[in-house]
A.B. asks: 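Here you go, one structure.
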Amino acid sequence: MTRIKTTWIARSTVLAAAMLSAGSIAPAAADTQAVIDGATAAGLCATSYPGVTGPDQLSPCQWDMRVIKALAAHGKATGLGVKVGVIDGGVDFDHPDLAGGIDEGLSCSFIYSTTPTADPAEVANGDCTNKAAVQDLQGHGTHVATIIAARENDIGIVGVAPEATIIGLKACTLAGFCFADSVAAALRYAGDQRLDVVNLSLFADPYLYFCANEAGQREVLKDLEVAARYAQQRGVVIVAAAGNEEDDLGHPSIDEISPDWPPDSAVVRRVRNNCRVTPAELPGVVTVSASGVNTLASYSNVGGPVDVTAPGGDAPQAPALFGGGRILAGWSSTDATGLWEALAAANRAVESGGGRYVWISGTSMASPHAAGVAALIRELHPQFSQGSVATWIRQTATPLSCPNDWPEADERQCTGGIGNTSFFGKGMVNAERAAAR
Ligand SMILES: [Ca+2]
Ligand SMILES: [Ca+2]
């Protein structure tokens with residue numbers, strides 16, 4: 001049970017980014033960088049993912065969108081007029097696949113001068129007039145935003161809801177920490193602004209599990225719960241990643257990574273059901289596990305809080321394919337962490353139409369597929385309560401059964417029958433069905 005197995009960020013003190021992208025890459029030497037051009041990438045994808053097609057240059061790479069039947073939904077709904085908040089590390093305001101798709105006016109940074117690991121450029125202390133502070137200085141937030149709402153514009157990819165409007169809500173530092181006070185502030189703001197949907201591909205630092213029997217953790221947990229409930233009462237559909245710890249959230253056992261700040265303060269502790277991962281285990285949250293090209297992703301959390309599954313990618317299931325069956329989506333033009341170069345060296349970076357795209361995997365990538373489906377539902381049913389939208393996402397999912405031949409040695413064992421399992425919840429999100437009714 002390690003946290004995000006990422007050593008992407010070349011800082012020994014930052015081993016535990018709460019932004020939930022799985023995958024390990026070594027920092028690259030500059031001379032090994034090899035960004036793949038869009039036409040070449042499309043050709044490689046056509047071989048690796050036969051039958052996957054679509055209108056934009058990198059559509060042949062979007063196996064994930066075929067799985068959730070996104071293109072088939074677009075005749076009925078595209079997310080037009082729907083506001084989706086991305087609570088993450090910011091968004092790239094200059095990404096060509098989000099041109100015209102970001103509401104800069106509503107975007108805001110909730111990184112404070114007191115937030116550990118914050119870069120001064122990210123700090124706005126909740127002053128929403130500071131737009132520069134929202135700019136994505138890494139890429140995770142842009143990846144999430146483009147899965148939801150990349151435009152249909154010939155270049156790059158097409159998102160689940162390509163005419164939805166993205167609101168960048170920065171609650172994570174470029175070092176990958178998403179402290180609870182920033183996350184709660186972003187949730188309250190989403191409620192204030194009555195956003196339609198928010199996506200949280202993160203867990204709130206500094207605790208993976210907040211335990212209600214410990215006073216300090218109970219207080220933070222309560223703050224997050226109140227903020228989430230406030231947003232929901234104001235109509236916000238909250239969609240969250242289940243997490244990448246290979247845990248059964250219904251039967252947690254050991255948390256060995258908390259607190260993850262300050263450095264070296266983590267203790268190994270036994271956790272029980274009075275301990276919760278947030279926001280994945282908060283009430284009413286649409287919690288999303290991750291699937292690869294074949295089955296549950298090797299890293300995905302599972303268990304009772306999981307409502308649905310969606311593609312998050314998983315390289316061990318498809319090692320021979322271009323991109324390894326990960327998810328291809330946008331990356332920031334202002335990545336200051338060196339990840340872009342590292343991904344390029346690993347043949348996982350693509351340029352199309354002047355925009356950056358990378359192959360990464362995680363429940364971080366699964367959650368925005370469900371958030372995009374929520375946006376489609378909102379467009380078609382603006383009168384729905386947030387709870388009804390959440391119900392609709394579950395009811396229209398493609399039912400899945402527990403996998404055959406799941407390794408007995410795995411701590412995660414699937415329970416339940418078709419359409420209601422501990423691995424996949426109600427099943428694979430299905431944009432076409434969600435938009436058909
Ligand atoms: Ca596009
Ligand atoms: Ca849930």
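Computed from a prediction, not measured in an experiment: that's the story for all the values here. Each residue takes its place number in the sequence, starting with 1. Note: hydrogens, waters and symmetry copies are ignored here, and every other heavy atom, side chains too, is used.
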A.B. asks: State whether R394 and D307 are salt-bridged, where the test is any N-O pair (Lys NZ or Arg NE/NH1/NH2 against Asp/Glu carboxylate O) under 4.0 Å.
C.D. replies: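 Yes.
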
A.B. asks: Kindly list each side-chain donor-acceptor pair under 3.5 angstrom involving residues 225-232, sequence neighbours excluded, with atom names and distances?
C.D. replies:
residue: E225; atom: OE2; partner: R276; partner atom: NH2; Å: 3.2
residue: Y230; atom: OH; partner: D192; partner atom: OD1; Å: 2.5
residue: Q232; atom: NE2; partner: P283; partner atom: O; Å: 3.1

A.B. asks: Would you say CD of E219 has more than 12 non-hydrogen atoms from neighbouring residues, nucleotides or ligands within 6.0 angstrom?
C.D. replies: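 12 or below, so no.
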
A.B. asks: Identify the residue among N199, V82, V239 that makes a side-chain contact (heavy atoms from CB on, under 4.5 Å) with I148.
C.D. replies: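 The option that passes is N199.
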
A.B. asks: Between Y357 and W331, is the ring centroid distance below 6.0 Å?
C.D. replies: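 Aromatic pair excluded; centres sit 6.0 Å or further apart.
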
A.B. asks: Could you tell me whether D223 and R188 make a salt bridge, using a distance below 4.0 angstrom between a side-chain N and a carboxylate O?
C.D. replies: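 A salt bridge is present here (some side-chain N lies under 4.0 Å from a carboxylate O).
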
A.B. asks: Does atom CG of D264 have more than 12 heavy-atom neighbours from other groups under 6.0 Å away?
C.D. replies: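 Counting other residues, nucleotides and ligands, CG of D264 stays at 12 neighbours or fewer.
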
A.B. asks: To the nearest 0.5 Å, how far apart are NE2 in H140 and OG1 in T337?
C.D. replies: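 Rounded to the nearest 0.5 Å, the NE2-OG1 separation comes out at 12.0 Å.
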
A.B. asks: R269 and C211: which non-hydrogen atoms are nearest, and at how many Å?
C.D. replies: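 Between these two residues, the closest heavy atoms are NH1-SG, 3.5 Å.
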
A.B. asks: Under 4.5 Å between any side-chain heavy atoms of P403 and F424, yes or no?
C.D. replies: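 The answer is yes, as the side chains (C-beta and beyond) meet within the 4.5 Å cut-off.
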
A.B. asks: Between D196 and R378, is the closest basic N to carboxylate O distance under 4.0 Å?
C.D. replies: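 Answer for the salt bridge query: yes.
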
A.B. asks: What verdict does the side-chain hydrogen bond (donor to acceptor under 3.5 Å, both in side chains) test give for T391 and S388, after you've listed the backbone C-alpha separation in whole Å, the side-chain angles of each residue and the deciding distance to 0.1 Å?
C.D. replies: CA-CA 5 Å; T391 300; S388 297; 5.8 Å; no

A.B. asks: Keeping the roles fixed (side chain from T165, backbone from K83), state whether a donor-acceptor pair exists under 3.5 Å.
C.D. replies: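 Between the backbone of K83 and the side chain of T165 there is no qualifying donor-acceptor contact (under 3.5 Å).
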
A.B. asks: Would you call R151 and V158 a side-chain contact if the rule is heavy atoms closer than 4.5 Å?
C.D. replies: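 Not in contact.
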
A.B. asks: D64 and side-chain contact (heavy atoms from CB on, under 4.5 Å): which single residue from V160, I327, L328 fits?
C.D. replies: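 Among V160, I327, L328, the one that satisfies the side-chain contact (heavy atoms from CB on, under 4.5 Å) with D64 is I327.
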
A.B. asks: Nearest heavy-atom pair of L249 and A242: which atoms, and what distance?
C.D. replies: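 Where L249 meets A242 most closely, the heavy atoms are CD1-O, 3.9 Å.
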
A.B. asks: Do Y209 and Y207 have ring centroids that are under 6.0 Å from one another?
C.D. replies: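 No, the ring of Y207 stays outside the 6.0 Å limit from the ring of Y209, centre to centre.
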
A.B. asks: Please find the pair of heavy atoms, one from W63 and one from P311, that lie closest to each other, and give the distance.
C.D. replies: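 Looking at all heavy atoms of both residues, the shortest contact is CH2-CB, 3.8 Å.
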
A.B. asks: Rounded at 0.5 Å granularity, tell me how far CG in L400 sits from OG1 in T421.
C.D. replies: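 Output value for this atom pair is 7.0 Å.
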
A.B. asks: Are more than 12 heavy atoms, taken from residues, nucleotides or ligands other than K76, located less than 6.0 Å from that residue's NZ atom?
C.D. replies: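 Not buried by this count: 12 neighbours or fewer within 6.0 Å.
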
A.B. asks: I'd like to know if the side chain of N125 reaches the main chain of D127, judged simply by a donor and an acceptor atom lying under 3.5 Å from each other, with no hydrogens or angles considered.
C.D. replies: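 No: the side chain of N125 does not pair with the backbone of D127.
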
A.B. asks: So how far is it from I102 CD1 to H95 NE2, rounded to the nearest 0.5 Å?
C.D. replies: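 These two atoms lie 9.5 Å from each other.
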
A.B. asks: Between E245 and R412, is there a side-chain N and carboxylate O pair less than 4.0 Å apart?
C.D. replies: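 So E245 does not pair with R412 through a salt bridge.
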
A.B. asks: How close do S201 and V144 get, heavy atom to heavy atom, and via which atoms?
C.D. replies: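 So the two residues come closest at OG-CG2, 3.9 Å.
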
